[in-house]
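Bear in mind the structure is a predicted one, so any value in this text is a computation, not a measurement.
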Amino acid sequence: MSFTIYARMKKLGKQKNEDLKSVPFLLDQKPKTLKDLLTSLTELLVKEYTERKDEGQILSFLTKEEIKDQASRGKISFGLRGGGDADIKEAVKNTIQCFEDGIYRVFAGEEELTELTDEIPWTNDLVFTFIRLTMLSGW
């Protein structure tokens with residue numbers, strides 16, 4: 001059974017609220033806690049990266065809309081910086097460590113999830129927002 005969630009990402013000082021677009025992610029199961037959510041998203045994104053890499057397409061193509069949006073922020077990029085192998089366990093460990101170190105915050109709707117053990121307050125239209133708080137974290 002798969003489960004779709006919606007998430008958006010924001011870098012402080014880089015985007016206006018109206019620029020944030022929700023992106024669907026298809027997970028294997030419905031996460032119960034913040035740690036489950038972070039683990040599932042990380043595993044999914046590493047798997048997608050590996051599939052693109054194995055197909056010879058590490059960089060995704062940008063649409064005209066994405067180019068225009070990125071140009072308005074002053075930088076156009078594909079978001080990837082290399083083609084090395086990704087280790088799922090290390091990626092999950094890094095994701096959790098970055099959360100614990102305060103590099104990003106996670107909101108479920110308007111509610112901030114502050115602990116890895118926080119249960120997710122599921123509603124029909126729940127959108128997660130990830131906010132990067134430091135300029136050196138790389139996304």
message = If we count only N and O atoms by modelled type, under 3.5 Å, do the side chains of S22 and R8 hold a donor and an acceptor together?
response = no
task = Assign the ring pair F3 / W122 to parallel, tilted or perpendicular, where the plane angle (0 to 90°) is split at 30° and 60°.
result = perpendicular
Shortest non-hydrogen contact from L133 toward G102 = CD1-O, 3.6 Å
task = Under the side chain to side chain donor-acceptor pair (under 3.5 Å) rule, what do D36 and T33 come out as? Steps first, then yes or no, please.
result = CA-CA 5 Å; D36 295 341; T33 65; 3.3 Å; yes
task = State, with a plain yes or no, whether a side-chain heavy atom of I103 is found less than 4.5 Å away from one of Q97.
result = no
Full working for side chain to side chain contact (heavy atoms under 4.5 Å, CB included) between L116 and E100 = CA-CA 8 Å; L116 292 170; E100 290 174 336; 3.4 Å; yes
message = Any non-hydrogen side-chain atom of M9 less than 4.5 Å from a side-chain atom of R132?
response = no
query = Side-chain contact, heavy-atom cut-off 4.5 Å: Y104 with I131?
reply = no
ask   = Can you find a heavy atom in the side chain of K35 that is under 4.5 Å from one in the side chain of T117?
value = no
inquiry  = Under a 4.0 Å threshold between the charged nitrogen and the carboxylate oxygen, would K32 count as salt-bridged to E119?
reply    = no
ask   = If two hydrophobic side chains count as joined below 4.5 Å and joins carry through other members, does L113 share a cluster with V127?
value = no
ask   = When clusters are formed by joining ILVMFWY residues with side-chain heavy atoms under 4.5 Å apart, either directly or through shared neighbours, do L38 and I88 land in the same one?
value = yes
ask   = Is the closest side-chain heavy-atom distance between T4 and L27 below 4.5 Å?
value = no
request  = In sequence, state the C-alpha distance, the side-chain angles, and the governing distance for L41 and F128, and then conclude on side chain to side chain contact (heavy atoms under 4.5 Å, CB included).
outcome  = CA-CA 11 Å; L41 280 173; F128 295 94; over 6 Å; no
message = In the structure I gave you, are the side-chain heavy atoms of L37 and I120 within less than 4.5 Å of one another anywhere?
response = yes
inquiry  = Does either side chain, that of N94 or that of E90, offer a donor lying less than 3.5 Å from an acceptor on the other one?
reply    = no
Min side-chain heavy-atom separation F25-L45 under 4.5 Å = yes
remark   = To the nearest 0.5 Å, atom OG1 of T39 lies from atom NZ of K93 at 13.5 Å
query = Is there a donor-acceptor contact under 3.5 Å from the side chain of D87 to the main chain of K89?
reply = yes
task = Indicate yes or no for a side-chain donor-acceptor contact from Y6 to the backbone of D125 under 3.5 Å, with no hydrogens or angles considered.
result = no
